Amino acid sequence: MYSASDLRKGLKIEMDGVPYDIVEYEFYRPGKGQAMYKCRIRNLLNGNVTDKTFREVDSIGQPDLEEREMQFSYNDGEHFVFIENRTYEQIMVGAEVVGEQKHFLAEDMTVKVLFHNGRPITIALPSYVEKRIVVTEPGARGDTATNVTKMAKLDTGFEVGVPLFINEGDTIRIDTRTGKYSERVAKK
Amino acid sequence: MENQDVQQPVPAAPPGGPLRQPPASALAPFLPVLELRSRVLQAIRGWFVEHGFVEVETPVRLAAPALELHVDAEPAGDHFLRTSPELHMKRLLAAGAQRIFQLGPCFRRGERGRLHNPEYTMLEWYRANATYADILLDTKLLILAVARAVKGTTDLTYQGRPLLLAPVWERLTVAQAFLEYAGWDPVQRYDAARFDFDMVDKVEPKLPREVPVILTDYPAAAAALSRRKPGQPEVAERWELYLAGVEIANAYSELTDPVEQRARFADHARQRAAAGKPVYPLDEEFLADLAHLPPAGGIALGVDRLVMILADLATLSDLLPFRE
């Protein structure tokens, strides 16, 4: 258990069996009253953010969390299979946990898998991945403006806005946290 | 653009060596705030001198800090750093002082946040033969005088919203505020845990921000060192000032009954011990002098927070250059 004075930004806590991470934290003591710890917390299972105020006397659950580096192996349609290279342990992660990140996964990509009570609850990809464009309108040669975009499709089917000079077959870098184009890394 | 290739004439070194440029420093942005703060301190001192108050200095290291339920003192060797100069200032009143004020550092262990720092500057003043109503009048005049002196106006803006220091200060009793914003009356039935919690979560966020707010007449159980209201003993003569929703000052008609004071200290000692918190020794000299204390009004005002509001800064971190 944590006591309220352990609370700080980034600490992971548990309430009613749900793990949360503290995204904002503020100490406050009214007048002659008791200390309060005003927190904004994010549900690690569904990403929802709520406000929660803890009192000095509250004791707060400590979640059983473990983060492991694993490599993406394959997607069997229902599950995403990851392997820990050192132990060859294989785990299956549900599509609801992977979510939109499925578009950026590639075979052998190293990701961080967060386990809660032994169950995978989130995966964290590298911040940037490189992907090849399979469909887009022909590029406008010499147009280096980056503020005008057109749609392009990755081999995973994901659609991303790219600058006009990008061509089919080009490889681009995408920010996995936003799903947005970052830069071109290779021309066809 | 300056052409880098053209040789600029080198200015002659001034007598006494070359001019020294201040080094780029993270402290530099704080200099205008320190200047404003200096003018606030001067305006405060000017107001008190003008109104016949004597500035006093009392010990910062105490053997026996006030035994309050939720205020923790920072140990300093075999003493403690003061959480407030209150007990010593009341002893001066008991000795016959009429109007005294003090500006100086106070310390509260473990308090750190947007509105808290473990070390801060407190303004306290006391009037003999007065009540919290007299202190409220002082406070209005002082705040208006300070705003005029440093801002040239009493119409302020804080974080994009107007804050009009004159002419109206909104007065709400704690019972009114709780009934309105939290749906229950802590004067009728006090619940310590719920009181503080709802104060922070429900009441304070809803207080008007465009004008100063006086939250007054606390439940007797939250009296701290204030006296019960004559004829209405279920409430204590205590008020708090809020500016833009930020708690600025806490005022009392002072408790002058040594028997009740000793009982409150004992109750706090018992509750602190039960919560595993340090229990400070009783200040027996204070309790002995309390018998000679005339009716008195007093107040503690957080100077850092007041400057923060006047300087339109969001947090104490923007105010205190050497914050840890």
Side-chain angles (χ1 to χ4, degrees), chain A residues 1-65 144-147 177, chain B residues 66 68-72 83-84 108-118 174 186 192-205 207 215 218-219 221-226 236 238-242 246-252 264 268 271-272 274-277 300 302 315-316:
Chain A
M1 298 294 266
Y2 290 118
S3 71
S5 56
D6 295 324
L7 296 172
R8 63 186 184 280
K9 202 168 159 178
L11 185 74
K12 296 186 173 61
I13 60 171
E14 185 169 285
M15 293 190 303
D16 300 326
V18 178
Y20 293 85
D21 125 36
I22 298 177
V23 289
E24 277 174 48
Y25 159 86
E26 168 72 12
F27 170 89
Y28 185 72
R29 202 175 59 74
K32 298 290 180 183
Q34 58 186 308
M36 302 279 169
Y37 302 83
K38 299 170 107 171
C39 296
R40 181 155 291 169
I41 56 176
R42 183 175 54 208
N43 182 321
L44 289 176
L45 301 182
N46 61 21
N48 290 346
V49 173
T50 47
D51 290 327
K52 171 82 183 167
T53 300
F54 296 98
R55 293 170 305 159
E56 200 170 18
V57 293
D58 290 338
S59 55
I60 300 145
Q62 191 171 351
D64 170 11
L65 291 171
T144 55
T146 50
N147 55 345
R177 297 157 295 187
Chain B
E68 296 195 66
L69 198 47
H70 299 298
V71 179
D72 295 335
T83 58
S84 148
R108 291 185 180 180
R109 183 169 205 179
E111 302 196 355
R112 188 185 304 279
R114 180 174 85 89
L115 299 173
H116 294 271
N117 200 53
V174 169
R194 205 173 154 206
F195 181 74
D196 290 335
F197 199 82
D198 282 1
M199 177 67 89
V200 171
D201 244 29
K202 297 181 175 159
V203 176
E204 287 187 349
L207 293 177
L215 201 54
Y218 279 66
L225 276 69
S226 62
R238 170 185 170 198
W239 58 255
E240 295 233 7
L241 165 64
Y242 288 84
V246 176
E247 185 196 336
I248 298 288
N250 180 38
Y252 304 145
R264 287 190 199 175
H268 291 163
Q271 291 195 53
R272 287 186 67 92
K277 291 182 158 225
T315 147
L316 291 182

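Heavy atoms only: backbone and side chains are in, while hydrogens, waters and symmetry mates are out. All values derive from a computational prediction rather than experimental measurement.
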Could you tell me which portion of [X] (side chain, backbone, both or neither) has an atom closer than 4.5 angstrom to a non-hydrogen atom of chain A?
X      : result
B:A224 : side chain
B:L115 : both
B:A193 : both

Note each donor-acceptor pair with a separation under 3.5 Å, taking one atom from chain A and one from chain B.
residue: A:E26; atom: OE1; partner: B:R114; partner atom: N; Å: 3.3
residue: A:E26; atom: OE2; partner: B:R114; partner atom: N; Å: 2.8
residue: A:Y28; atom: OH; partner: B:E204; partner atom: OE1; Å: 2.6
residue: A:Y28; atom: OH; partner: B:E204; partner atom: OE2; Å: 3.2
residue: A:R29; atom: N; partner: B:H116; partner atom: NE2; Å: 3.0
residue: A:R29; atom: NE; partner: B:E111; partner atom: OE2; Å: 2.5
residue: A:R29; atom: NH2; partner: B:E111; partner atom: OE2; Å: 3.2
residue: A:G31; atom: N; partner: B:E247; partner atom: OE1; Å: 2.8
residue: A:G31; atom: N; partner: B:E247; partner atom: OE2; Å: 3.1
residue: A:K32; atom: NZ; partner: B:E68; partner atom: OE1; Å: 3.1
residue: A:K32; atom: NZ; partner: B:E68; partner atom: OE2; Å: 3.2
residue: A:Q34; atom: N; partner: B:D196; partner atom: OD2; Å: 3.0
residue: A:Q34; atom: NE2; partner: B:D196; partner atom: OD2; Å: 3.3
residue: A:T53; atom: OG1; partner: B:D201; partner atom: OD1; Å: 2.8
residue: A:E56; atom: OE2; partner: B:K277; partner atom: NZ; Å: 3.3

message = Using the side-chain contact (heavy atoms from CB on, under 4.5 Å) criterion, which residues pair with A:N46? Sequence neighbours excluded.
response =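 Applying side-chain contact (heavy atoms from CB on, under 4.5 Å) to A:N46 gives A:N43, A:N48.
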